[in-house]
Amino acid sequence: MPQTGFAKKVDPVQKDMNDQNDGQQASWISQLFIMLKRNCLIQLRFWRTYLVQTVGAPLMFMILIYIFQQADFSNQSISNKNPASHSLSGVYGCIPQSRKGCINIMYTPDTATVRNYLTAFAQRNAEHINQVPIQKVGMIPIPSADFLYQYVVSNPNTTNWGINFDIKTGTVTNIRYQVWYNHSRIADGVDVFGEQLLAMTRGLDEAISNFALIIVSVVGNTDTRVNFDVKMMDWPTVPPSTLSDTIVQNLGPVFFFCCIMVIFINVLSQILEEKEKKLRIGMEVMGLRPSVYWLSHFFTNSFLVFVSAWVTVALGVAFGFKAFTKANIFVIFLTFFLFGLSMVVFAFFLSTLFQKVQAGLFVGIFVFIIGLLFESFIFSSSYTGYIWYKPTMPVIFSISNLTNGRIDSLTNTAVAGPGLPWSLIYSQIPSDYTITYSDGISAVPPAPVMMFYWFLTDIIFYAILTWYLDCVIANEFGYKLPYNFPFTSSYWGLNVKRDMVDSKAMLMHTINSNNDPLPKGIDPDVLRQREMALSKDYWQSVKIAHLRKEYTTFSGKVAKTAVFDTCIAFETGKLVALLGQNGAGKSTTINILSGLTPPSSGNALIYGHSLTTEMHQIRKIMGVCPQHDILFNELTAREHIELYAGLKGVPKKEWDSIITERLQAVRLLHVADNPVNTYSGGMKRRLSVVISTIGDPKIVYLDEPTTGMDPVNRRHVWSFIEKFKANRVIILTTHSMEEADVLGDQIVIMSKGRIRAVGDSNSLKTKFGVGYKLSVITEPDRLKHARNIVLSHMPDAELEDASAGALLYQFPFSSLPNVSLLVKTLNSDPFVKSWGVSQTTLEQVFLTITRYGETPVAAKASENTLI
Ligand SMILES: Nc1ncnc2c1ncn2[C@@H]1O[C@H](COP(=O)(O)OP(=O)(O)OP(=O)(O)O)[C@@H](O)[C@H]1O
């Protein structure tokens, strides 16, 4: 970055500003590798889950299909079981058991005589056979007995009877007929093989004889002799190799859909969990590029889909399902694989719409169920087919869960149609598979390759949507890009390469254009710091001007102003301790400075980079230890450091020494290879502190770094921070006054979003502590009595606090000689329980400042009116 205008300046603080360190950030490809490694490590830690998803689910569904199919086969093939025990009652009508309907009787030849016989038969057996669907296809002529065999083999369980007549007329009519009976077609679940055959032959014989009598009565022929020769034939048994995969056709698409949806639900919950636990934002703050994040998830989940698709194909072939064996396995694989990828990207898209795992999962499962319904028996033959076959459907309606309708079509084509060889993927599916819908539309399915194009379209469509929504929907800290961001040159990095003069000019513009009035009763030191921060001649490593943060409601109303008009500068090599009560605005300030949340107004210059426009540059020189640990439970401390060192672009040869030295410094080396979920709260905090120091950051934010640590480890962390602060700015928030006292070179006390006091520990104690402290503990109803004792010996003493029987006084150095007499009196007083004299502590300073809020100095005038 050009240094124009800076080297010449004589101001000593220029040295800090000129110390332009562009920081560390790994290249795009290195980040991708390191993220892929992280994803793989996490997947390996959960290998059982992923094994269930990729192998277990397909295996389970395949076994289920196989079991159902075997049950269906046994229904389709013939076996003599349960001899007859029922009385004759007539011929059963056929019972449709598949969508193809059923045929009651097939007969041949199709001659007038045979038709007459069967018409007479039908009239006499009307109650059994003249019913739907019998009326339509109850009896149909077929060309030959051989046709019957072929038809039954390829359409099992659709026909009841086959009758082949051979009629020779003369003086005596010789009628021979052969009867085939599908005795698995039973009405009440009990085989009535014998009775049914008897009923049929008796019925036919009667019909034929009757017909003969009618003829006699009509034409007057007296010779009515008819010879019957009846032969029972075995129902053609379907060889196992030609059994239809009706179960695969019907259940297959549903089950294959479920295999992929298991992965879909997992991807959705994985991404949302990383969002909810702020893991993703944590990595981005440490320099991870969003594109790398998405791509790494795409690749690792693609691998899962890849495995799952191949396992499905392999199992389908192993189980001998025709959908697989009749097709080219690559066609089948590509179908599952591309469908799986489209669902992965669809999960990405859904994840951008939600912040919480629960909400996202609810919608994910809803999508799953809707998809299942579309895939189910109710819709599979019509609705999804309709969507697939109707090319005019807009792209949006092809939402991925519906695209699986194409798997349905593919399975049907593969099973019942010509199969799917690679050579046919560009050809139209034969018109035999034309489907006529209830609205009269007759659609010819397009070539199978169209299905692949649709999946690819889905993948690209949802990838673009994910990228856009991920940018414009506010993240968990309210950060978002404008709706037109793709058309801004800054997004594409075309005009971000500013030099420091530009950034300084931007800051000065912010300063000059701010007309906010000075807050009333501002502390003189705070005012001086403010003036320096706003001066065009005073430049430090960090210069913050008019920073303000308003949290707004959904309707845009300001719900809370967390930070008001912060103006301050920090110099290199100093640790700034930010103190304040809960809700004072410390974390918000750190979140703004670390780019987690955008400021409502104001700006800052951090090592020459503008906060509002060059956050990507600032991230390269920044380390953050957030208030809540952002750690991956499954990874070890070593893997965390490798991950962040990788993202920051720290050379690999330095990793080992960083791990050893820093983990040793915070006493974590002995658990370096244990997963983080085995760590205590304090251990996690220590690891978070170490992570914030990776990559030689010039500015480090430590948000309550020692919360939950025991005193011993806290001291280890203090000395680690103390050593680390050379040549950097460290901004630390804490509720431990001791910590601020020990570490803070500059202490900033905030209250209600404003800076109330600034200075080093001593100056604050001198200014706000004014000398010494005297505490007296007495009975709660003897406070006045104790106060009189104190004031009689020390009229200069100023009351700071009086509560629950405790008096806290502050007295100047000049009153010190009176202490011994006062102590004597206190010791001899029966109502005084204890007393103590001490130098003012930072805690007392803090209490004073926060108690009197806006005007700490002026407020002291009213102190003695407390009791
Ligand atoms: N996302 C938000 N929406 C609305 N108000 C918020 C949001 N985040 C913080 N606040 C409010 O802003 C104020 C400052 O919060 P902040 O977290 O910065 O305080 P803090 O000083 O860090 O407190 P603590 O010591 O408890 O961490 C609080 O009143 C808080 O309720």
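Indexing begins at 1, ligand by ligand and atom by atom, following the structure's order.
- Taking only nitrogen or oxygen atoms, main chain and side chain alike, Thr589 does not reach within less than 3.5 Å of ligand 1.
- Side-chain atoms of Ser541 and Glu571 form no donor-acceptor pair, as typed in the model, at a separation below 3.5 Å.
- Of all protein heavy atoms, the one closest to atom 23 (O) of ligand 1 is Gly583 N, 2.8 Å.
- Every atom of ligand 1 with a heavy atom of Gln581 under 4.0 Å away is listed here by number and element: 21 (O).
- By the definition of a contact as any protein heavy atom under 4.0 Å away, atom 31 (O) of ligand 1 is not in contact.
- The closest approach between His735 and ligand 1 falls below 4.0 Å for a heavy atom of the residue.
- Gly580 does not count as a contact of ligand 1, since none of its heavy atoms falls under 4.0 Å from the ligand.
- Atoms of ligand 1 found under 4.0 Å from any heavy atom of Gly585 (numbered from 1 in listed order, with element): 14 (C), 18 (O), 19 (O), 20 (P), 21 (O).
- Environment of CZ in Phe362: sparse, with no more than 12 heavy atoms of neighbouring residues, nucleotides or ligands closer than 6.0 Å.
- Phe348 places none of its side-chain heavy atoms less than 4.5 Å from the side chain of Asp470.
- Closest to atom 10 (N) of ligand 1 among all protein heavy atoms lies Tyr551 CE1, 3.4 Å.
- Closest to atom 17 (O) of ligand 1, if we only count protein heavy atoms, is Ser587 CB, 3.7 Å.
- A ring-ring contact (aromatic ring centres under 6.0 Å, His included) with Tyr462 is found for one member of Trp467, Phe346, Tyr468 and no other, namely Phe346.
- No side-chain donor from either of Thr707 and Arg685 sits under 3.5 Å from a side-chain acceptor of the other.
- Close contacts of ligand 1 with Ala584, meaning ligand atoms under 4.0 Å from a residue heavy atom, involve 19 (O), 20 (P), 21 (O).
- Around the CD atom of Gln358, the shell of radius 6.0 Å holds no more than 12 heavy atoms that belong to other residues, nucleotides or ligands.
- When Leu702, Thr589, Ile699 are each tested for a side-chain contact (heavy atoms from CB on, under 4.5 Å) with Ile731, only one passes: Ile699.
- Paired with Arg728 under the rule side-chain contact (heavy atoms from CB on, under 4.5 Å), one option of Asp696, Ile621, Thr572 passes, and it is Asp696.
- Taking 4.0 Å as the cut-off, Glu704 counts as a neighbour of ligand 1 on heavy-atom distance.
- Among protein heavy atoms, atom 26 (O) of ligand 1 sits closest to Asn582 ND2, 2.9 Å.
- Using modelled atom types, one finds a donor on one side chain and an acceptor on the other under 3.5 Å when comparing Arg686 with Asn713.
- Closest protein heavy atom to atom 27 (O) of ligand 1: Gln627 NE2, 2.8 Å.
- Numbered from 1 in the order shown, with element, the atoms of ligand 1 that lie under 4.0 Å from a heavy atom of Lys560 read 11 (C), 12 (O), 13 (C), 29 (O).
- Among the atoms of Ala562, none of the N or O lies under 3.5 angstrom from an N or O of ligand 1.
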Next on the checklist: Does Lys277 form a salt bridge (Lys or Arg N to Asp or Glu O under 4.0 Å) with Glu274? I'd like the steps, not just the answer.
Outcome noted: CA-CA 5 Å; Lys277 290 186 176 168; Glu274 292 194 344; over 6 Å; no
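- For atom 15 (O) of ligand 1, the closest non-hydrogen atom on the protein side is Thr588 OG1, 3.6 Å.
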